[in-house]
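None of these values were measured; they are calculated from a predicted model. A, B, ... follow the sequence lines: proteins, then strands. Residue 1 opens every chain.
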Amino acid sequence: VPAAPPAPLGCDDPESEAAAEAAVNYINGHSHHGYKFTTNRIAAIRVVPQGPNNDIIFLELDLLETKCPILSPTPLANCTVRSFAEHAVEGECDVKLQKVDGTFSVLASKCHSHADSSEDILKVCPECSLLASLNNTEVLETVSAALNDYNSKTTDSYLRLLEIGRAKIQYHPGHIVVAEFAVGATNCSAKEAKANVGACQLLPKDQSNFGFCTAVMVKRPSQDLQVDCQLYGHQVPAPDTPLLSRPGVTYMHPGQDIS
Amino acid sequence: SVTKSAVAEAPQHDKVPRPVGFVPPPPPCPGKIRHFDI
């Protein structure tokens with residue numbers, strides 16, 4: 001009597017968890033924007049045997065954004081998940097993997113991320129501040145003022161803006177803009193930049209030094225600007241395939257799609 | 001004339017009695033939520 005087919009994998013089985021971990025590491029390792037994502041739930045898994053010790057695995061993952069910028073060297077396990085009240089960003093990914101002799105490799109992935117709805121947040125937390133659009137004028141002013149302030153005081157290299165990661169504006173009780181943005185060190189010192197900022201270029205990849213800044217601009221009851229930047233030091237650049245990065249944007253692994 | 005013969009009720013072999021406290025296994029998917037459900 002032919003052996004009964006193996007029971008379908010459960011989403012919480014150790015093998016499913018291992019596949020999800022390989023998929024999330026791939027997604028974070030191939031993204032250049034935003035923040036790292038972590039698994040919130042394995043929504044579905046389907047295994048298509050190809051032969052002995054050779055399976056194609058289709059995974060549906062529900063992810064949540066963490067507070068670690070994508071360029072941060074912090075291990076994902078140490079990255080705090082952004083809470084619901086902090087205006088969480090969730091991602092959904094369909095990933096196709098192959099498992100040969102116990103080793104996973106990602107063949108294709110398609111991801112989409114979006115911030116949670118403002119209505120849902122305000123329902124649970126009426127006084128929470130919400131995510132602002134990244135091209136909001138106040139956000140842009142805050143980032144520009146904060147970076148200028150930092151560069152005017154630093155004795156290290158002049159920093160250039162890479163991207164704004166996220167921003168929130170509170171209007172009550174005070175008027176406060178909080179912005180997080182990624183920066184890159186340039187080939188100028190801050191002093192040289194004062195003379196000729198146009199000559200200051202981001203360091204080449206083999207010397208790149210990225211960092212991350214948080215700026216808090218208080219407009220009311222009184223004006224105040226705080227900015228804190230941390231540089232990571234030189235990191236080995238990740239391969240170039242942007243994936244899960246901006247809320248609301250879907251990326252496909254070039255050339256392949258989940259069939 | 002046709003008479004209906006009384007046939008004894010078939011013993012309920014097809015319904016295996018479940019042991020007391022039987023808990024069906026959780027559905028295989030979707031999996032558990034690790035942080036919070038949005």
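- For A/T38, the part lying near chain B is the side chain, with the backbone staying farther off; criterion is any non-hydrogen pair under 4.5 Å.
- When all heavy atoms are compared, the tightest approach of B/F36 to A/A88 is CZ-CB, 3.8 Å.
- Distance CD/A/E90 to NE2/B/H35: 13.0 Å, rounded to 0.5 Å.
- Across B/C29 and A/A43, no two heavy atoms sit closer than the pair CB-O, 3.7 Å.
- No donor-acceptor pair closer than 3.5 Å links the side chain of A/D12 to the backbone N or O of B/G31.
- By the 6.0 Å contact criterion, CD on A/E21 is open, its count of non-hydrogen atoms from other residues, nucleotides or ligands being 12 or less.
- A 6.0 Å sphere centred on CD of A/Q50 holds more than 12 heavy atoms belonging to other residues, nucleotides or ligands.
- Both the backbone and the side chain of A/N40 come within contact range of chain B, with heavy atoms under 4.5 Å apart.
- Both the backbone and the side chain of A/I42 come within less than 4.5 Å of a heavy atom of chain B.
- Contact between B/R34 and A/R41 at its shortest, heavy atoms only, is NH1-CA, 3.7 Å.
- The contact between A/L9 and chain B is made entirely by backbone atoms, counting heavy-atom distances below 4.5 Å.
- Note that CG of B/D37 is 9.0 Å distant from CG of A/L64, once rounded to the nearest 0.5 Å.
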